[in-house]
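See structure below.
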2 protein chains.
Amino acid sequence: MINKESPHKITVHDVAKKAGVSTATVSRVINNSDTVNNDLRIRVQTAINELGYRPNRAAYHLRSGKVKRVGVLFADIRNPFFTSVLAGIENYLHQADYALILGNSDENQKIERMQLQAFLDEGVAGIILSSVVNSSEQYQQVIEAGIPILAIDRVPDNLKVDSISINNIKAAKEATEHLINLGHKDIGFIGGPERISTAKLRKLGYLEALEKIPNSKPTIELGDFAQAGGYQATINLLSAHKDISALLVANNLMTLGALEAIHEKKILIPDQIALVGFDDMPWATSLQPPLTVVSQPTYDMGKIAARLLLDRIHNPDSPIQQVTLETHLVVRESCGGLNRDPFQ
Amino acid sequence: MINKESPHKITVHDVAKKAGVSTATVSRVINNSDTVNNDLRIRVQTAINELGYRPNRAAYHLRSGKVKRVGVLFADIRNPFFTSVLAGIENYLHQADYALILGNSDENQKIERMQLQAFLDEGVAGIILSSVVNSSEQYQQVIEAGIPILAIDRVPDNLKVDSISINNIKAAKEATEHLINLGHKDIGFIGGPERISTAKLRKLGYLEALEKIPNSKPTIELGDFAQAGGYQATINLLSAHKDISALLVANNLMTLGALEAIHEKKILIPDQIALVGFDDMPWATSLQPPLTVVSQPTYDMGKIAARLLLDRIHNPDSPIQQVTLETHLVVRESCGGLNRDPFQ
DNA sequence: AAAAAAGAAGTAATCGTTTACACTGACTTG
DNA sequence: CAAGTCAGTGTAAACGATTACTTCTTTTTT
């Protein structure tokens, strides 16, 4: 039988008594604030070790007002893009001895607001957010509470907060140019909802690239950034535009949907259609042919996001930072490439 | 300029003053413990609403000893299997007004221990854990602290805690039998590390199924449950055993590695090799041919896990539960199937 | 109708820390 | 050498909730 009596939680008083000092001194040793005589410091430290004392964070939080805890709120935690970012965030926060509170807004504005409220209740030092909506009102309450927000991936354009994102326009533009250089003239684009900044910008990049070829007519179908939406958008696009010879898909889940559609229509990659996806996901190399993709530095993005947020927490008045990371095109075999003449 | 003066945090005292009652009464209304006169209750409620009062959780936690917070510690949060489970957990916890603290042990025993310690420091009401190691000592400290653990997916066999997992033996057995029924005699198996209970059990299921065919010789290669490991194991297996006509891969990331290997060796699916994977991941339907898989109810597994843990938290002395969920085989086209005679 | 029990609300102690303030003795300084 | 600093420590008051106890009122019981 396990003894259910709790073995008396060890508090700062126990440590103080054992070391023969006051609780104030113990606290000073722990937080190494002020200076404390070296002998005492050692006595306190050994007392802490011998007792296996661990400070109560709730009391610390209550008294000092400080928290070592940040909230991470994503629009879709099942999207492997966010998962990878999340892994980066987790890694950095853990090393900094911060706890990570996770929330999922499921692309739903109402849930997002509730989750933010929950973060405030729980008491977080800051929030990493991939926002669902482009309006700044949604975040007013958090900002008034003085909790810093770091916008990741999706950046509401009228919100003055730190942010980290990729150069979406350039990324889509480069991918499109790659297809143009391979000789494609009829390039389709499967985009996402306009309310999401990344979706809007990627479409812009596609359009910019297309402007360079004369008489080009953009062929765009918008999905919902999910697999089923990608499938449907691709079916629509391919049915309405038989002359399409290349396709750029603006996120990874929709790319999976596009693949389903392409296979269903028995169109061959890359011979009958060239395909470029977004995000270098684990499965990209397992496809036949392997997929050419716009690779985003997802893991690093997470690490940097966490670092930026902690910087902001420790330094609330420093100037706002908007970090943009570069993507790079990973050329595999889904565009053929090697057997076409790039200079034609 | 935003007024940086914090607008005086509203406490239970403010509410009490506004409603003309004592703080005790306010507390009673909030926690609707004891009975309180209906007039007062209403007065307090309206005061709360008008002031926009939200209780301070740190103070609540400190005084009452209760927490609405659970820790989730996974071995690999980048594995989409866990991601999906995580989404289920998140959904349930959020609805129950619990916060989710996330940790990633990265298949590393030392990190796992540190993360558990961090959970204890942070103060969680319970922990959902996919353990890295099969030894119960790793978890002694948590158990002694009286924090309930719920083992998910991987269940250390000498640890007496609630658990939820799938019937791994049966799952692998059914998948193998499917291949046998299709006429395959030389079926390879790509497994995972023996220290992981799921890996061990799936191998067992494979072996059990194989016993039914006379003169069968198991062909097994073990990987690390990651993509690169799956690739290498498959290369090894296919190189050493040219007669293999079917392959069962014991987890989703290794399946991606296996696909790379198979494509690299220019072996055709399903004509030259039949393939069955574990976990019905989004990309399974996007492959050509679509992949036959053992489908695990990942999302529900997460929801049930969260429910079981909260049950345990609210009812510490109820008997331990070991829940096993059934999988089902999703037959697609990666085993051919339709053009082979199952009765040959 | 007096005594006992129950019900409703308030008072103040408490949870485990940090920290403002007070105190001590030693060291500078003019 | 008196007075002013200063570094090092202790005392006790916070932080914002819950809750054991007390107090007062009302109801029940005999």
Side-chain angles (χ1 to χ4, degrees), chain A residues 6-45 47-48 51-69 97 120-123 125 145-146, chain B residues 6-45 47-48 51-69 97 99 120-125 145-146:
Chain A
S6 75
H8 174 60
K9 286 252 179 71
I10 321 148
T11 76
V12 73
H13 291 99
D14 303 314
V15 176
K17 190 179 292 175
K18 175 140 191 166
V21 298
S22 75
T23 62
T25 302
V26 175
S27 175
R28 286 191 264 255
V29 170
I30 293 170
N31 302 27
N32 47 336
S33 61
D34 288 333
T35 51
V36 22
N37 178 288
N38 209 258
D39 287 357
L40 284 197
R41 159 161 275 125
I42 290 169
R43 252 164 55 202
V44 169
Q45 272 299 357
I48 287 176
L51 293 173
Y53 167 73
R54 307 228 106 211
N56 179 315
R57 289 230 184 174
Y60 169 81
H61 179 186
L62 177 59
R63 177 61 232 244
S64 73
K66 300 174 199 159
V67 216
K68 297 193 125 195
R69 201 180 312 163
D97 195 29
L120 292 184
D121 289 349
E122 189 66 19
Chain B
S6 74
H8 175 59
K9 286 250 179 76
I10 322 146
T11 75
V12 72
H13 291 98
D14 303 314
V15 176
K17 190 180 291 174
K18 176 140 190 166
V21 298
S22 75
T23 62
T25 303
V26 174
S27 175
R28 286 191 263 257
V29 169
I30 293 170
N31 302 28
N32 45 333
S33 60
D34 289 333
T35 50
V36 21
N37 179 287
N38 208 259
D39 286 357
L40 285 196
R41 158 161 277 124
I42 290 168
R43 252 162 55 200
V44 170
Q45 271 299 358
I48 287 176
L51 292 172
Y53 166 74
R54 309 227 103 209
N56 178 315
R57 288 229 185 176
Y60 169 80
H61 179 186
L62 178 59
R63 177 62 234 247
S64 73
K66 300 175 201 158
V67 216
K68 296 194 123 194
R69 194 152 48 193
D97 195 28
L120 291 184
D121 289 349
E122 188 67 19
V124 295

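We name chains A, B, ... by the order of the sequence lines, and we start the count at 1 in each one. Since the structure is predicted, the reported quantities are computational estimates derived from the model, not experimental observations.
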Residues forming a side-chain contact (heavy atoms from CB on, under 4.5 Å) with [X], sequence neighbours excluded:
{"X": "Lys66(B)", "value": "Tyr60(B), Ser64(B)"}
{"X": "Ile42(B)", "value": "Asn38(B), Thr46(B)"}
{"X": "Arg57(B)", "value": "Asp121(A), Glu122(A), Lys68(B), Asp97(B)"}

Taking [atom1] from [X] and [atom2] from [N], how many angstroms apart are they, rounded to a whole number?
{"X": "Lys68(B)", "N": "dA17(D)", "atom1": "NZ", "atom2": "P", "answer": "16 Å"}
{"X": "His13(B)", "N": "dG16(D)", "atom1": "NE2", "atom2": "P", "answer": "9 Å"}
{"X": "Lys66(B)", "N": "dT18(D)", "atom1": "NZ", "atom2": "P", "answer": "9 Å"}
{"X": "Leu62(B)", "N": "dC15(D)", "atom1": "CG", "atom2": "C1'", "answer": "9 Å"}
{"X": "Lys9(B)", "N": "dA17(D)", "atom1": "NZ", "atom2": "C1'", "answer": "14 Å"}

Notebook entry, point to check: Can you pull the contact range of chain A along DNA chain C, 5' to 3', using atoms under 4.0 angstrom from its heavy atoms?
Noted result: dG16(C) to dT19(C)
Minimum heavy-atom distance between [X] and [Y], given as atom pair plus value:
{"X": "Ile10(A)", "Y": "Asp14(A)", "result": "CA-OD2, 3.2 Å"}
{"X": "Val44(B)", "Y": "Val21(B)", "result": "CG2-CG2, 3.9 Å"}
{"X": "Gly123(B)", "Y": "Val67(B)", "result": "O-CG1, 3.4 Å"}

Strictly below 4.0 Å: does [X] bring a side-chain N or O up to OP1 or OP2 of [N]?
{"X": "Asn31(B)", "N": "dT18(D)", "answer": "yes"}
{"X": "Ser27(B)", "N": "dT18(D)", "answer": "yes"}
{"X": "Thr25(A)", "N": "dG10(D)", "answer": "yes"}

Taking only nitrogen or oxygen atoms into account, show me every contact under 3.5 Å that the protein makes with nucleotides 21-25 of chain D, one pair per line with its distance.
none

Margin query: Taking NZ in Lys18(B) as the centre, count heavy atoms belonging to other residues, nucleotides or ligands within less than 6.0 Å. Is the count above 12?
Written below: yes
Please output the side-chain donor-acceptor pairs of residues 23-30 of chain A that fall under 3.5 Å, not counting sequence neighbours, one pair per line with the distance.
{"from": "Thr25(A)", "atom 1": "OG1", "to": "Ser22(A)", "atom 2": "OG", "distance (Å)": "3.4"}

Under 4.0 Å, counting only non-hydrogen atoms across every strand here, what does [X] touch: a base, just sugar-phosphate, or nothing?
{"X": "Thr35(B)", "result": "sugar-phosphate"}
{"X": "Val26(B)", "result": "nothing"}
{"X": "Ile30(A)", "result": "nothing"}
{"X": "Val12(A)", "result": "base"}

Checklist line | Separation of Thr35(B) OG1 from Leu40(B) CG (nearest 0.5 Å) | finding: 11.0 Å
Next item on the list: Specify the angle, to 10°, made by the local axes at the two ends of the helix from dA1(C)-dT30(D) to dG30(C)-dC1(D) when five pairs are taken at each end.
Entry: 40°
Next item on the list: Could you tell me which residues satisfy salt bridge (charged side-chain N to carboxylate O under 4.0 Å, His left out) with Arg41(A), sequence neighbours excluded, listed by chain and number?
Entry: none
Notebook entry, point to check: If you pin Tyr60(A) and Asn38(B) to their nearest nucleotides in DNA chain C, which one's is more 5'?
Noted result: Asn38(B)
Note to self: Go through it in stages, so that I can follow the logic: the residues are Arg54(A) and Leu120(B), the test is side chain to side chain contact (heavy atoms under 4.5 Å, CB included), and I'd like the CA-CA distance, side-chain angles, deciding distance and then a yes or no.
What the structure shows: CA-CA 9 Å; Arg54(A) 307 228 106 211; Leu120(B) 291 184; over 6 Å; no
Next item on the list: Could I get the full list of side chain to side chain donor-acceptor pair (under 3.5 Å) partners for His61(B), not counting sequence neighbours?
Entry: Arg69(B)
